[in-house]
Protein chains: 2
Amino acid sequence: MTPAVESGARRSEQAASSAGAAERALAHLREMLIGGRVAPGEAVSLRTLARALGLSVTPVRSAVNRLAAEGALIVLPNRAVRVPVLSAETFREITTLRLLLEGYAAERAAELITRTELQAITRAELAFRREYEADRPDCDRAVQLNRLLHFTLYRAARMPSLTAIIEGLWLRIGPVLNLDMRLDPRRLRSGTAVRAHARLVSALAARDPKRARAALAADIRAAARRVERLGLLDGHASRD
Amino acid sequence: MTPAVESGARRSEQAASSAGAAERALAHLREMLIGGRVAPGEAVSLRTLARALGLSVTPVRSAVNRLAAEGALIVLPNRAVRVPVLSAETFREITTLRLLLEGYAAERAAELITRTELQAITRAELAFRREYEADRPDCDRAVQLNRLLHFTLYRAARMPSLTAIIEGLWLRIGPVLNLDMRLDPRRLRSGTAVRAHARLVSALAARDPKRARAALAADIRAAARRVERLGLLDGHASRD
DNA sequence: CCATGATGACTGTGATCACAGTTTTCACAA
DNA sequence: TTGTGAAAACTGTGATCACAGTCATCATGG
């Protein structure tokens, strides 16, 4: 695999994931982005990342290129790679697309969802609510649960390509959404989000497409409003 | 740039496009795919392609990876790269998404389109119709005009991310759509397509979103019906 | 004539290096 | 202290090579 004597590469850590190195780098970056563990505007270095993952630059570059193609990363004219800072305009466009696509997915899911899937969503909703009602909520876990809830819903629509497109959108808004969630002192979101989630679950149980869509739309719109209000976008009215 | 004495690489052909090598490879592949110049199931070799383009495998691999990420190419378990053969199911899913997304774009475009853009679309429509009414229609040109017509429409919706997503869908169905158009002895398509295009232009001129969407939907549905009827999909009822 | 096995030409992947920039840093002078 | 400039350390990119695996070809033995 390595022409030289596998000098710098860690073979020991390879056992962590049996997949290819490029896939591992991609998964890592995706997790960073949609988990909001990187801030918008932050620089990403191929070599640094490669060293951190115990890989060479080749698979890392492959992953970065893919993400850049989806708009989840940008390469500046300098060719430097950064996490993009969304303009208000771009953010609104993505929100519109989310309403269209995730709304459609919710409608279909309401018709096609299985009992098992509904149970999974219900469990996620419960855990999410509990996390936010806790004294010291764990942001990482809440983000993860929110994602689980949404994507089991989307997968229930039985349209893999649609799910993939939605994932692409989440990848782009992940940093701002979760930057927000981290900055948020307490539960600016939880109120509306928890309510919307509850309505969603109830609509799914009733197999009511319209209500499912409405509930999801409320969730999306609330999150969007919050982000815009906090001024995390490029038209930065960040007060301080 | 090249560590060795730039042995195999052609520096002479580089003047063709000033962009990076990876971008050139990507553009080439995209053109092949959405132009339908490669057949579904056809194999793609990195080294062969690199040699054809006068590049090394690195930029070609980058391009292939991106396309594979979008589903426009697939890597088999053998790791061999091929143009995917769409299953009927996948094709129907993409058609559904096209109706949703391109339909939405058409609605917005009907409201936002400028006079210049409308003129461009009108011109494309005229040229497209003439091409099909010709004695010996030029398939390549017809495909190109069709694409021009659709995408100036989508761009008129002023949602770059939406346009990008639609491009991704076209990339995946390009091979079958145009394989069809090449196989098609004459104008199975032209009738409905030309009619739909005409209705589209008229709706745009009237700035009527609903009619624009309906006309576009008719176009998409007609193309989908044709592909399914010809049995170009994975549930291959290919008679011979 | 057909089955079979070995060899050789392919496949993509990953590591490494050379390169051309850009950015940062840091020393030196005004 | 502040400007200025040179150098060093970084940035991504592309080419090349070593590798492991698959596939096809073809010779050989039945």
Q: Each nucleotide N or O in nucleotides 22-24 of chain D that has a protein N or O under 3.5 Å away: list the pair and distance.
A:
{"from": "dC23(D)", "atom 1": "OP1", "to": "Asn78(B)", "atom 2": "ND2", "distance (Å)": "2.8"}

Q: Got a sec, which residues hit side chain to side chain donor-acceptor pair (under 3.5 Å) with Arg82(A), two or more places apart in sequence or on another chain?
A: none

Q: Rounded off to whole Å, could you give me the CG-to-C1' distance for the Leu53(A) and dA15(C) pair?
A: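 Distance, rounded to whole Å: 15 Å.
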
Q: Between dT16(C), dG14(C), dG12(D), spot the one nearest the side chain of Ala21(A), thanks.
A: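 Of all the options, the side chain of Ala21(A) is nearest to dG14(C).
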
Q: Any idea which of dG14(C), dT16(D), dT13(D) is nearest the Arg47(A) side chain?
A: dT13(D)

Q: Would you say CD of Gln119(A) has more than 12 non-hydrogen atoms from neighbouring residues, nucleotides or ligands within 6.0 angstrom?
A: yes

Q: Can you find a pair of side-chain heavy atoms, one from Leu67(A) and one from Val81(A), that are under 4.5 Å apart?
A: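 Heavy-atom side-chain distance check fails, nothing below 4.5 Å.
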
Q: Under the side-chain contact (heavy atoms from CB on, under 4.5 Å) rule, collect the residues that match up with Thr95(A), sequence neighbours excluded.
A: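 Result, side-chain contact (heavy atoms from CB on, under 4.5 Å) vs Thr95(A): Phe91(A), Leu99(A), Ile220(A), Ala224(A).
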
Q: One thing to verify: whether Glu89(A) and Arg158(B) come together as a salt bridge, which I'm taking to mean a side-chain N less than 4.0 angstrom from a carboxylate O.
A: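 No, Arg158(B) and Glu89(A) are not salt-bridged.
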
Q: Taking only residues two or more places apart in sequence, or in another chain, which ones meet Phe151(B) in a ring pair (Phe, Tyr, Trp, His ring centres under 6.0 Å)?
A: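 For Phe151(B), the residues satisfying ring pair (Phe, Tyr, Trp, His ring centres under 6.0 Å) (neighbours in sequence not counted) are Tyr154(B), Trp170(B).
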
Q: Students often get this wrong, so: under 4.0 angstrom with heavy atoms, is Val57(A) touching a base, only sugar-phosphate, or nothing?
A: base

Q: Tabulate protein N/O versus nucleotide N/O from nucleotides 5-10 of chain D, keeping only pairs under 3.5 Å, one per line.
A:
none

Q: Answer yes or no: side-chain N or O of Arg61(A) and base N or O of dG14(D) forming a donor-acceptor pair under 3.5 Å.
A: yes

Q: Please list, chain by chain and in numerical order, all residues satisfying salt bridge (Lys or Arg N to Asp or Glu O under 4.0 Å) with Arg225(A), sequence neighbours excluded.
A: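 Residues passing salt bridge (Lys or Arg N to Asp or Glu O under 4.0 Å) with Arg225(A): none at all.
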
Q: Looking at every strand, decide which applies to Ala22(A) at a 4.0 Å heavy-atom threshold: base, sugar-phosphate, or nothing.
A: sugar-phosphate

Q: In chain order, what residues pass the side-chain contact (heavy atoms from CB on, under 4.5 Å) check against Pro59(A), with sequence neighbours excluded?
A: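 For Pro59(A) the side-chain contact (heavy atoms from CB on, under 4.5 Å) partners, ignoring immediate neighbours, are Ala21(A), Ala22(A), Leu55(A), Ser56(A).
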
Q: Whole-Å distance between dG14(D) P and Arg51(B) CZ?
A: 19 Å

Q: Tell me, please, which residues at least two apart from Arg79(A) pass side chain to side chain donor-acceptor pair (under 3.5 Å).
A: none

Q: What's the closest nucleotide to the Asn65(B) side chain, out of dT13(D), dT13(C), dA15(D)?
A: dT13(C)

Q: For a quick check of understanding: with a heavy-atom distance under 4.0 Å over all strands, which category does Val60(B) fall into, base, sugar-phosphate or nothing?
A: nothing

Q: Whole Å only: how far is the CD1 atom of Ile74(B) from the P atom of dT11(C)?
A: 17 Å

Q: Rounded to the Å, how far apart are Leu76(B) CG and dT13(C) C1'?
A: 16 Å

Q: Quickly work out the Arg66(B) CZ to dG12(C) P distance and round it to whole Å.
A: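 Going from Arg66(B) (CZ) to dG12(C) (P), I get 19 Å.
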
Q: In terms of side-chain heavy atoms of Leu46(A), which of dT16(C), dG12(D), dT13(C) is nearest?
A: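 The closest nucleotide is dG12(D).
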
Q: Check this one for me: any side-chain N or O of Thr58(B) less than 4.0 Å away from OP1 or OP2 of dG14(D)?
A: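 Answer no for this pair, as no side-chain N or O of Thr58(B) is under 4.0 Å from OP1 or OP2.
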
Q: Quick one: Arg79(B) CZ to dC19(D) P, roughly how many Å, whole number?
A: 16 Å

Q: Rounded to whole Å, please give me the gap between CD in Glu23(A) and P in dG14(C).
A: 9 Å

Q: Sequence neighbours excluded and cut-off under 3.5 Å, please list the side-chain donor-acceptor pairs for residues 27-34 of chain B, or say none.
A:
{"from": "Arg30(B)", "atom 1": "NH2", "to": "Glu167(B)", "atom 2": "OE1", "distance (Å)": "2.5"}
{"from": "Glu31(B)", "atom 1": "OE2", "to": "Arg147(B)", "atom 2": "NH2", "distance (Å)": "2.4"}

